[in-house]
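Have a look at the structure below before the remarks.
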Amino acid sequence: MSEKEFLDLAETTLNTIEEAMDRLNDEDVIDVECKRSGNVLEIEFIDNGSKIIVNSQAPMQELWVAAKSGGFHYKRVDGAWINTRDGSELFAALSELASAQGGARVTLV
């Protein structure tokens, strides 16, 4: 995939994550605040101040996630963002990470 294709896909993915978190916040599922700065999405859990950071790494064509439980790298494989180490899918993993850090069951689309 070209760099432009990657950047467009990464932008769409970050927007999807941010919109899902905003929706969950609006529905009072979880108290969270999202901040965007370029290719970096910061998700802050208001109750405990913990954060999950999702950012794109164009040179590697990966999305990186930093959470309390560690750092994770995701590469696009067959239409999904797949963890380069354990094969988990990005949205499923983010759902688990956000549930653990936010204290409420979170499911991202």
Side-chain angles (χ1 to χ4, degrees):
M1 128 177 32
S2 73
E3 184 172 338
K4 181 183 180 339
E5 289 170 325
F6 169 79
L7 292 172
D8 289 346
L9 184 57
E11 178 72 15
T12 298
T13 303
L14 292 175
N15 287 339
T16 299
I17 295 166
E18 184 174 16
E19 289 166 7
M21 287 296 187
D22 286 344
R23 185 184 78 259
L24 291 167
N25 185 67
D26 292 345
E27 294 171 355
D28 290 327
V29 173
I30 195 163
D31 195 8
V32 67
E33 183 176 313
C34 294
K35 295 178 188 166
R36 270 298 278 286
S37 179
N39 67 336
V40 178
L41 173 62
E42 181 179 291
I43 304 162
E44 181 176 1
F45 298 89
I46 304 305
D47 291 341
N48 61 25
S50 70
K51 296 179 183 179
I52 294 175
I53 310 294
V54 183
N55 69 305
S56 64
Q57 295 293 319
M60 304 293 291
Q61 293 200 341
E62 293 180 347
L63 290 180
W64 290 3
V65 176
K68 283 176 73 172
S69 61
F72 311 93
H73 298 184
Y74 294 84
K75 218 170 196 28
R76 196 71 174 176
V77 178
D78 297 328
W81 292 104
I82 303 299
N83 186 307
T84 59
R85 290 194 178 139
D86 69 10
S88 64
E89 191 274 330
L90 174 65
F91 290 101
L94 276 175
S95 295
E96 291 180 23
L97 294 169
S99 294
Q101 286 185 229
R105 184 74 199 134
V106 172
T107 302
L108 297 177
V109 178

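All values reported here derive from a predicted model rather than from experimental measurement. No hydrogens, no waters, no symmetry mates; every other heavy atom, side chains included, goes into these values.
To the nearest 0.5 Å, the span separating OG on S56 from CD on Q61 amounts to 10.5 Å. Distance check, rounded to the nearest 0.5 Å: CD1 of I43 to CG of D22 gives 9.5 Å. Between the CG atom in L108 and the CE atom in M21 there is a gap of 4.5 Å [rounded to 0.5 Å]. In this structure, W64 CH2 and I53 CD1 are separated by 14.0 Å, a value rounded to the nearest 0.5 Å. Within the model, atoms CG of L41 and CG of N55 stand 9.5 Å from one another, a figure rounded to the nearest 0.5 Å. From E19, atom CD reaches atom CG of L24 across 12.0 Å, with rounding to the nearest 0.5 Å.
Taking both residues in full, the closest heavy atoms of G71 and R85 are given as O-NH1, 4.3 Å, listed atom of the first, atom of the second, then distance. Of all the heavy atoms in A67 and I52, the pair that sits closest is CB-CG1, 4.1 Å. When all heavy atoms of I30 and G102 are compared, the pair lying nearest together is CD1-CA, 3.5 Å. Looking at every heavy atom in both residues, E62 comes nearest to T84 through OE2-CG2, 3.8 Å.
S2 places a side-chain N or O within donor-acceptor distance of the main-chain N or O of E5, the cut-off being under 3.5 Å. In this structure a side-chain-to-backbone donor-acceptor pair under 3.5 Å is missing from E89 to A80. Side-chain N or O atoms of K75 include one that pairs as donor or acceptor with a backbone N or O of M60 at under 3.5 Å. Under a 3.5 Å cut-off, the side chain of Q101 and the backbone N or O of K68 do form a donor-acceptor pair. For the pair R36 (side chain) and N39 (backbone), a donor-acceptor distance under 3.5 Å is absent.
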Trace of the side chain to side chain contact (heavy atoms under 4.5 Å, CB included) decision for T13 with V54 = CA-CA 10 Å; T13 303; V54 183; over 6 Å; no
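Heavy atoms from other residues, nucleotides or ligands lying under 6.0 Å from CD of E3 number 12 at most.
Looking at heavy atoms from C-beta onward, I46 lies in side-chain contact with E33 at the 4.5 angstrom threshold.
Cluster membership check: M1 does not share its hydrophobic cluster with I82, using side-chain heavy-atom separations under 4.5 Å among Ile, Leu, Val, Met, Phe, Trp and Tyr.
Remark: of the listed residues L90, I17, N83, L9, L90 is the sole one forming a side chain to side chain contact (heavy atoms under 4.5 Å, CB included) with L63.
Taking the six-membered ring where the residue is Trp, F6 and W81 present perpendicular rings, their angle passing 60° and hence far from 30°.
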